[in-house]
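Here's the structure, in structure tokens; my notes come after.
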Amino acid sequence: MAKMYLLNSLFLNAEDLQTLQDSFLPLLKGVLYYTIPLTLISFFAGLLLAVITALFRISGVKLLSGIARVYVSIIRGTPLLVQLFIVFYGFGNLGVEFLKFSPFVGALIALSLNTGAYASEIIRASILSIDKGQWEAAESIGMSYFQSLKRVILPQATRVSIPPLSNSFIGLVKETSLASTILVAEMFRKAQEIVATTYQPLLIYMEAAAIYWVICFILSLIQDQIEAHLNRYIK
Amino acid sequence: MLSMKNISKTFGSLEVLKDISINVDQGKVVVVIGPSGSGKTTLLRCLNVLEQPDSGAVTIDNQTIDFSQKVTKPAIRELRKQTGMVFQNYNLFPHLTVIENIMEGPVTVQKQEKSTARETAVRLLEKVGLGDKADVYPYQLSGGQQQRVGIARAMAIDPKVMLFDEPTSALDPELIGEVLQVMKDLAKEGMTMVVVTHEMKFAKEVADEVVFMDGGYIVERGAPEEVFERPTQERTKKFLNLLQH
């Protein structure tokens, strides 16, 4: 009896195909309305935060590098799930109107802060990997610190940082599924809702997994393109 | 034109420059020689404040920076605009094409129109014999060609003085000649130059004054024929003897 059930659940019958088809549109909506916007916005907000944090860290100003260290330490030292709960449930419960975020905004804040901390270490390492002679050459033609950074150092650091940043980006796509726990109607929460009505956990969760995989696969193709472009000046 | 007065520099407990003074008149070429660790590269780097001296003063054209007082960044940048620097390892910007390398200073720092900067860059490229290499990336050039681009990049900001930090030390022997030739041409045109080098033949031919450094001091200085043919100091004799073997 148990064996029969296992076999049945592994092969798709007509009814399963119908379930897959019916669930695809709601899942896709979750992707388009929440998973992708959440990923994109928090990645670029996080990246901005990361560059600022990295510059603070290498500034040589004790106060600034101290702020950067504390921020990175707190974010890296605590689980993302806990950060999501603090931002959404914790701050939301303070009774301060300003800190009552919608699920989507709460998720954006937590994911951006999280990405910013991890990516700042990538940016910092990339900047430090550029030969000191490049700074000197830039300064020798009269450039200021920020001109050197913008025109000479960051363009080269970008090339170095693309593989690890792509890792962060692809990781972030999947981490948005944690936003389901604070009621964001992203794809994984949709999947859970569908499972609640269809009682088909294996089927639906596999479908969700497949969609995540397709997104990440496309992203890795884009990564290849960017790398090829940025490697044009390397032997 | 250019002078360095009583410059001292220490790295930690190591005194690299001890009360160094030099003067370079307009259009003159000064070649600094000496064993490695003698402080000659540091001396050159103090001239455009890539190293900040602990005390003393540097004057270029009419601008003086006194290092015994607080030195501001804008003052340092102003000084650097008067100097072109050529590095041992070229330090070209690898992500920019040859012509973009040369235009970078004029466009980003001096806010020149791109078209004006491009014209100057093309002229400079032709001058260093690389008119056909404008649109390639540095990695596509030989070391000698890269260094000639380095000279063109330094010249593009229209400096009053050119500083050369062992410009041929990283080059294969057969590529040294082409770089020295460009430097000789510059000297002939009346460029004021300070050159740190191991190329004694170049020093003899081009230098107006040779400065021999050892242990952070200027041991001996004078016209090349004096320093090379009739050195008065024991250490100079020893150093020149070593080079002949």
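- Interface remark: B:Tyr137 contributes side-chain atoms only to the contact with chain A (heavy atom separation under 4.5 Å).
- For B:Asn48, the part lying under 4.5 angstrom from a heavy atom of chain A is the side chain only.
- In this structure, B:Met193 and B:Lys28 have side chains that are not in contact, with every pair of non-hydrogen atoms separated by 4.5 Å or more.
- Counting heavy-atom pairs closer than 4.5 Å to chain B, the top residue among A:Met143, A:Arg151, A:Lys150, A:Arg232 is A:Arg151.
- Looking at A:Gln134, the atoms closer than 4.5 Å to chain B (heavy atoms on both sides) sit in the backbone and in the side chain alike.
- Comparing B:Gln140, B:Met85, B:Gln88, B:Arg45 by how many heavy-atom pairs each has under 4.5 Å with chain A, the most go to B:Arg45.
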task: Could you please spell out the steps behind the side-chain contact (heavy atoms from CB on, under 4.5 Å) verdict for A:Gln83 and A:Leu80?
output: CA-CA 5 Å; A:Gln83 293 161 16; A:Leu80 174 58; 3.7 Å; yes
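- For B:Leu92, the part lying under 4.5 angstrom from a heavy atom of chain A is the backbone only.
- Taking the six-membered ring for Trp and the full ring otherwise, the centers of A:Phe188 and A:Tyr205 sit less than 6.0 Å from each other.
- Within the cation-pi definition used here (under 6.0 Å to the ring centroid, within 45° of the axis), B:Arg153 qualifies as a partner of B:Phe93.
- Residue contact with chain B, scored on non-hydrogen atoms closer than 4.5 Å, is absent for A:Arg159.
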- request: Verify side-chain contact (heavy atoms from CB on, under 4.5 Å) between A:Phe101 and A:Leu108, making sure each step is shown before the conclusion.
  value: CA-CA 10 Å; A:Phe101 305 117; A:Leu108 270 186; over 6 Å; no
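- Of the atoms belonging to A:Leu230, not a single heavy atom falls under 4.5 Å from chain B.
- Using a distance-only test at 3.5 Å, with no hydrogens or angles considered, no donor-acceptor pair links the side chain of B:Gln181 to the main chain of B:Glu178.
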